[in-house]
Amino acid sequence: MSVAFSKADSLCVNTLRALAIDAIEKAASGHPGLPLGAAPMAYVLWRRHLRHNPANPTWTDRDRFILSAGHGSALVYSLLHLAGYDLGLDDLKAFRQWGSRTPGHPEYRLTPGVEATTGPLGQGTANAVGMAIAERLLAHRFNRPEATLVDHYTYALVSDGDLMEGIGYEAASMAGHMKLGKLIYLYDANDVTLDGPASLCFSTEDVAARFTAMGWQVLRVEEGNTDLAAIDTAIEKAKAETGRPSLILVKTTIGYGSPAKQGTCAAHGAPLGSDEIKLTKKALGLDPNAEFFVPAEAAAWTAEARAAGADWEAKWNASFAAYAKAHPDLAKQWTDTLAGRLPEGWDTDLPAFAVGEKVATRKSAGEILNAIAAKVPFLVGGDADIGSSTKTQIKGEAAFDGQSGAGRNLHFGIREHAMAAAANGMAYHGGIRPYVSTFFSFSDYMRPSIRLAALAELPVIYVYTHDSLAVGEDGPTHQPVEQLMALRTIPGLTVIRPGDAGEAEAAWRFAMTHKAGPLALVLSRQGLTTLDRNIVAPAEGLMRGAYILADAEDSQPTFILIASGSEVGPAFEAYQTLTAQGVKTRLVSMPSWELFERQDAAYREQVLPPTVKARMAVEAGITLGWSQYVGDEGHVLGVDRFGASAPGGIVLEQYGFSPQGIVQTANEYLNR
């Protein structure tokens with residue numbers, strides 16, 4: 001039976017509110033509306049339900065909490081402070097300042113206890129889905145009838161704005177379909193957006209009915225500003241429903257307590273002002289002149305939270321010790337999985353492809369992926385309803401079951417944006433190495449989630465196929481032109497475009513050992529000739545981003561030809577023709593700009609000697625950016641317009657990407 005709430009609990013809620021608005025006022029920047037309105041639901045969750053250990057924010061079996069409405073970050077920082085995390089009042093006073101641990105929107109890795117980088121609305125809703133998926137996957141793999149290692153909930157505090165975003169709908173639809181019963185959204189339904197009442201743009205939709213239709217349990221709290229008991233009861237009911245996710249719709253007042261601004265958009269995104277803060281504190285029963293003040297009753301929660309967290313983790317550790325004795329092999333797998341350690345021999349017995357064989361890199365990479373997945377059980381992935389075409393389904397594995405956690409093939413449906421954000425959630429959770437796949441032109445739908453993966457340094461793998469004009473008859477809507485360069489502009493994202501099966505293998509080897517951020521593999525639909533590595537350089541050169549594939553006879557070229565991906569094969573034929581014509585040509589395969597830039601200057605100059613000014617790059621994408629490698633005197637054979645609908649080979653030929661076309665362009669450039 002739940003213990004009744006007291007005046008001390010109400011004081012704790014109001015202390016959270018006061019700390020948040022004080023931080024915002026001191027910063028002269030921030031969003032006070034959500035902390036004032038949502039503090040009660042956050043407090044009840046953290047005080048009565050959330051299992052966590054402030055002394056060890058990364059304890060494996062903790063419940064996860066995501067503030068999807070990341071603009072309300074001052075609330076989560078106040079929660080972390082009062083709940084005993086390593087976040088002091090000085091950190092709150094440095095809110096939104098240079099070098100602080102309390103940035104304007106929550107950032108993973110920066111602030112202890114922050115589980116995800118949020119702020120762009122809707123992202124956290126899908127991150128939570130990914131975390132819930134990871135919990136089920138690990139529970140299925142490691143739990144035993146007599147021992148439970150994985151058993152925790154994922155909570156997300158979401159806003160009206162989160163649920164207006166398309167990704168919010170995608171995520172909820174996906175979670176309902178998967179029946180993720182340990183996923184709970186607390187919906188801060190305050191009916192106000194930045195510009196005014198939500199009715200300006202969100203007036204006819206019944207959110208509760210929508211979630212019910214998507215297979216969620218929907219619970220309501222009509223008085224979310226003060227009724228802590230009703231919030232507590234709703235969370236209990238949500239936890240008891242294991243067959244479907246739950247949405248707790250909590251009616252709140254934005255800016256609650258502010259006499260002049262509560263209930264209006266004026267409370268959303270600007271400090272209340274010193275006079276209004278005093279009036280707000282007075283309305284909440286607090287000392288209007290006290291700043292960053294934590295009364296003794298609220299400070300008591302800190303000690304309680306630390307003691308409870310230590311106890312939870314100690315009990316789990318004792319359980320794990322018994323588990324390790326009963327299941328030593330599984331216990332070792334558990335430790336290795338959480339550390340991301342690859343099993344011994346993970347990259348042995350990879351498939352081989354015959355020299356001269358024409359095989360699409362989507363196919364060769366798919367076979368390599370399957371060989372790796374057979375030995376790396378924490379490699380889990382899915383696709384946007386096209387895995388049979390991207391070749392990323394793990395053979396012999398079932399579709400993921402959101403109830404039991406069985407199956408390693410995730411069917412995300414045509415929900416590319418939520419798919420990418422859910423992969424982020426799996427990476428945030430830990431214990432899973434996620435990959436997702438779709439056609440390359442649809443990477444545009446995923447970009448906001450890719451950007452956040454790069455910002456948070458998450459080791460997510462994106463597998464993109466159908467990478468060029470060779471898509472053919474589907475035409476310009478499906479033929480990526482600007483996407484490759486667009487991904488290269490994202491700081492921290494490594495993009496690799498292998499040129500044949502050998503480079504595809506090297507790319508997957510690198511991807512599995514790369515943990516310092518997300519990585520995109522960009523693969524062909526059309527068959528690419530498998531190069532003879534006895535004639536050209538080993539494919540391991542891919543690991544350095546660019547390498548000399550074939551050189552002039554005396555290694556003293558007068559012309560450098562650079563190509564990536566599917567253009568490497570035709571460029572090699574062009575190199576042979578140019579060499580026969582007497583042009584001292586060096587052919588450089590450049591599958592990854594990012595990896596090349598990480599090499600030292602000596603290596604980069606060895607591959608691209610500054611003294612050789614005659615250079616031409618060949619890539620079936622926009623030419624923007626290539627000047628850094630071809631120089632002011634160089635040339636780029638690229639595509640600065642959209643594609644066309646015709647058989648892929650014809651489109652490539654018409655755009656100049658046949659071996660003959662490359663030779664012709666090179667000769668015109670050299671003879672100009």
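The figures here come from the full heavy-atom set of this structure, side chains too, leaving out hydrogens, waters and symmetry mates. Every value quoted in this text rests on a predicted model; they were computed, and no experiment measured them.
- By the side chain to side chain contact (heavy atoms under 4.5 Å, CB included) test, P245 is found to be paired with A175, L183, W216, residues two or more places apart in sequence or in another chain being considered.
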Show me the donor-acceptor pairs, under 3.5 Å and distance only, between side chains in residues 199-207 and residues at least two apart or in other chains.
residue, atom, partner, partner atom, Å
E205, OE2, R210, NE, 2.7
E205, OE2, R210, NH2, 2.2
D206, OD1, A208, N, 3.2
D206, OD1, A209, N, 3.0

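- Looking only at atom types and distance, the side chain of D162 has a donor-acceptor partner in the side chain of S68 under 3.5 Å away.
- Contacts classified as salt bridge (Lys or Arg N to Asp or Glu O under 4.0 Å) and involving residues 110-129 (residues at least two apart or in different chains) are given here: R62-E115.
- Atom OH of Y445 sits in a sparse spot, with 12 or fewer heavy atoms from other residues, nucleotides or ligands closer than 6.0 Å.
- Residues passing the ring-ring contact (aromatic ring centres under 6.0 Å, His included) test with H268 are H31, H71, sequence neighbours excluded.
- Side-chain N/O atoms of D91 and Y77 include no donor and acceptor closer than 3.5 Å.
- For the salt bridge (Lys or Arg N to Asp or Glu O under 4.0 Å) test with K251, the passing option among D191, D188, D227 is D191; the others fail.
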Name the atoms and distances for all side-chain donor-acceptor pairs under 3.5 Å in residues 433-441, with sequence neighbours left out.
residue, atom, partner, partner atom, Å
R433, NE, P459, O, 2.6
R433, NH1, A511, O, 3.2
R433, NH1, M512, O, 3.4
R433, NH2, A511, O, 3.0
R433, NH2, H514, O, 3.0
Y435, OH, T392, O, 2.7
S437, OG, T390, OG1, 3.0
S437, OG, T392, OG1, 2.8

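- A salt bridge (Lys or Arg N to Asp or Glu O under 4.0 Å) check over residues 257-270, counting only residues at least two apart or in different chains, returns nothing.
- For D63, there are no salt bridge (Lys or Arg N to Asp or Glu O under 4.0 Å) partners two or more places apart in sequence or in a different chain.
- Sorted by first and then second residue, the salt bridge (Lys or Arg N to Asp or Glu O under 4.0 Å) pairs involving residues 164-181 (not counting sequence neighbours) form an empty list.
- For residues 414-426, the set of pairs meeting the salt bridge (Lys or Arg N to Asp or Glu O under 4.0 Å) definition, not counting sequence neighbours, is empty.
- Within the structure, the ring-ring contact (aromatic ring centres under 6.0 Å, His included) test picks out no pair touching residues 219-266 (sequence neighbours left out).
- Here the shortest heavy-atom pairing between M131 and G425 reads CG-O, 3.3 Å.
- The ring-ring contact (aromatic ring centres under 6.0 Å, His included) test applied to Y108 returns Y428, not counting sequence neighbours.
- Taking Y85 as the reference, H52 meet the ring-ring contact (aromatic ring centres under 6.0 Å, His included) condition, with sequence neighbours excluded.
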